[in-house]
A.B. asks: 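Quick one: the structure is below, and I'll ask about it shortly.
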2 protein chains.
Amino acid sequence: MTEITPGFDFAVSIDCVLFGFDGTELKILLIERNEEPFKDWWALPGNLVDHDESVDQSAQRILKELTGLSDIYMEQYYAFGDVNRHPQGRVISVAYYAMLRLGGDKPLKPLSSYAKKAQWVNVASLPKLAFDHQNILNKGLEKIKRRIKHLPLAFELLPEKFTLTQVQSVYELILGKKLDKRNFRKKILSFKVLKELEEKQRGVSFRAATLYKFDKRKYNKLFGKEISF
Amino acid sequence: MTEITPGFDFAVSIDCVLFGFDGTELKILLIERNEEPFKDWWALPGNLVDHDESVDQSAQRILKELTGLSDIYMEQYYAFGDVNRHPQGRVISVAYYAMLRLGGDKPLKPLSSYAKKAQWVNVASLPKLAFDHQNILNKGLEKIKRRIKHLPLAFELLPEKFTLTQVQSVYELILGKKLDKRNFRKKILSFKVLKELEEKQRGVSFRAATLYKFDKRKYNKLFGKEISF
DNA sequence: ATATAACGTGTATTTTTTACACTAAGTAAT
DNA sequence: ATTACTTAGTGTAAAAAATACACGTTATAT
């Protein structure tokens, strides 16, 4: 931080890695661009930061414009600042991730003209992405791999009521490996942040599993104690 | 990432949290500003990113300008983007930390005119800082607290040859708590990344401790296995 | 010789992690 | 009603890791 004279010819953008879980697969939200550069390419949803909004506010605005959702917890995880990452000028991009509850009522709001459409895409089978977005996404994946070991990210991805098997699936997808069912349940229950409901899963063609809820209140009380997978 | 038209009126700066260890205390490098705004205040070393250098390159350049050191591993950890964080315009600051070996030959190069002087300051007794630098620093401290549990940051702070007690001191300072000597040694040696030397500490007025070296080669082979404190 | 200050070491206990497989419950088809 | 199918749900023993804890050793300084 020094003299001010030279700079002020940068743009700053936000790119969002929005994770979703459809019950089986880990997805991210991509848009198909309708403008140059990279017209017709798939890209992470993003936008330029306005002059009078903070970077965090900008991330919230962009999320809302795309999905209609507000009050979603987004976490900034890295700033991408290579000289040639944007073909039309010097653009620094600040990347955020968020975990969204898919399923049911995802509007995917009317998009601004810059995108033809938005779509949830399986993380395991992505198209080629515009700009350095593959790179941004990879770093995002790395981050949540680390953070899901300490933070209750999985529950943001799941519906309000969920089964333990679903929780396990989320961990397995993000960590990229199978976990032992009995040990997983023992561990996740040992944190005492899940509340067992009277209710069972419905609409499945086999034995219905017990539903659980994430108890935010109890989680907040853990404070300091480390959750660790 | 979208249309390009509106933006390009931002500046981007780097701020560096440079940690050092003098054998007793955890220090960071501060500069005393010689220019408005915040003339005469203490601040983190930093500077604006040039138009034709990447954010990472800029961090390296700034570090070199200040300390004469190159090839120091710096890690980006957060971008600060509040609207009013800089009184003279919209400046996004990307923060990096690095661990430096203090002691002996720290030149602290001739500073550019923007700083009157640079000085290592005990983290435990900091002056008021310019801009949002206290905030930037706090977040940096949080980050290394987490990361020192998984990454060999401590050895970057220590001289090439060090005693186990010194390693323990670094962990204690960063984690902010006392550790048990025997358990600490058992654990740190269990990772097998320290090489015991034939050599002993010199110039101390009590029993000299055995010196150790960090074995980067062995550390790199751990790959995947988690070091964890 | 003596005092001093940090060095260096081991064990027993508790906690956590891991490996591992079968019965129970519900649905669907015949 | 029986059967076949699919996932739910559960416990234990062994191994590994974490913790708590105290004293003789060695070098220096006086």
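In what follows, chains carry the letters A, B, and so on, assigned in the order in which the sequence lines appear, proteins first and then strands, with residues in each chain numbered from 1. Just so it is clear, the structure is predicted and the values come from calculations on it, not from any experiment.
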A.B. asks: Applying salt bridge (charged side-chain N to carboxylate O under 4.0 Å, His left out) as the test, list every pair that has at least one member in residues 166-175 of chain A; sequence neighbours left out.
C.D. replies: A/E172-A/K178
A.B. asks: With a cut-off of 3.5 Å and sequence neighbours excluded, list every side-chain donor-acceptor pair involving residues 187-198 of chain B.
C.D. replies:
unit_1, atom_1, unit_2, atom_2, d
B/K187, NZ, B/S228, O, 2.9
B/S190, OG, B/K187, O, 2.6

A.B. asks: Mind checking what makes ring pair (Phe, Tyr, Trp, His ring centres under 6.0 Å) contact with A/Y219, not counting sequence neighbours?
C.D. replies: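 Applying ring pair (Phe, Tyr, Trp, His ring centres under 6.0 Å) to A/Y219 gives A/F214.
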A.B. asks: Excluding sequence neighbours, so at least two apart, what forms side chain to side chain contact (heavy atoms under 4.5 Å, CB included) with A/R182?
C.D. replies: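 In terms of side chain to side chain contact (heavy atoms under 4.5 Å, CB included), with neighbours along the sequence ignored, A/R182 is linked to A/D180.
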A.B. asks: What is the separation between atom CD on A/Q168 and atom P on D/dG9, rounded to the nearest whole Å?
C.D. replies: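 After rounding, the reported distance stands at 12 Å.
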A.B. asks: By side chain to side chain contact (heavy atoms under 4.5 Å, CB included), which residues pair with A/K177, not counting sequence neighbours?
C.D. replies: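 Result, side chain to side chain contact (heavy atoms under 4.5 Å, CB included) vs A/K177: A/L175, A/L179.
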A.B. asks: With sequence neighbours excluded, tell me which residues meet ring pair (Phe, Tyr, Trp, His ring centres under 6.0 Å) with A/Y73.
C.D. replies: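 Per chain and number, A/Y73 pairs via ring pair (Phe, Tyr, Trp, His ring centres under 6.0 Å) with no residue.
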A.B. asks: Give the rounded distance in Å between these two atoms: CZ of A/R182 and P of D/dG11.
C.D. replies: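 It works out to 10 Å between those atoms.
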A.B. asks: Without decimals, in angstroms, what is the distance between B/K181 NZ and D/dA20 C1'?
C.D. replies: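 Value for this atom pair: 16 Å.
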A.B. asks: Considering residues at least two apart in sequence or located in another chain, which fulfil the ring pair (Phe, Tyr, Trp, His ring centres under 6.0 Å) criterion with B/F162?
C.D. replies: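 Testing B/F162 for ring pair (Phe, Tyr, Trp, His ring centres under 6.0 Å), a comparison that skips the adjacent residues, returns B/F155.
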A.B. asks: Which of residues 197-215 of chain A have a heavy atom under 4.0 Å from DNA chain C?
C.D. replies: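 Result for residues 197-215 of chain A: A/V204, A/S205, A/F206, A/R207, sorted by number.
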A.B. asks: Polar atoms only, N or O, under 3.5 Å: list the protein pairs with nucleotides 12-18 of chain D and their distances.
C.D. replies:
unit_1, atom_1, unit_2, atom_2, d
D/dT12, O4, A/K186, NZ, 2.9
D/dA18, OP1, B/K187, NZ, 3.0

A.B. asks: According to ring pair (Phe, Tyr, Trp, His ring centres under 6.0 Å), who are the partners of A/F19, at least two apart in sequence or on a separate chain?
C.D. replies: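 Partners of A/F19 by the ring pair (Phe, Tyr, Trp, His ring centres under 6.0 Å) criterion come out as none, since no residue qualifies.
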A.B. asks: Shoot me the first and last contacting nucleotide of DNA chain C against chain B, ordered 5' to 3', at under 4.0 angstrom to non-hydrogen atoms.
C.D. replies: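 That gives a stretch of C/dA6 to C/dT11.
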A.B. asks: Which pairs pass salt bridge (charged side-chain N to carboxylate O under 4.0 Å, His left out) with one or both residues in residues 199-216 of chain B, sequence neighbours excluded?
C.D. replies: B/E160-B/K213, B/K161-B/E199
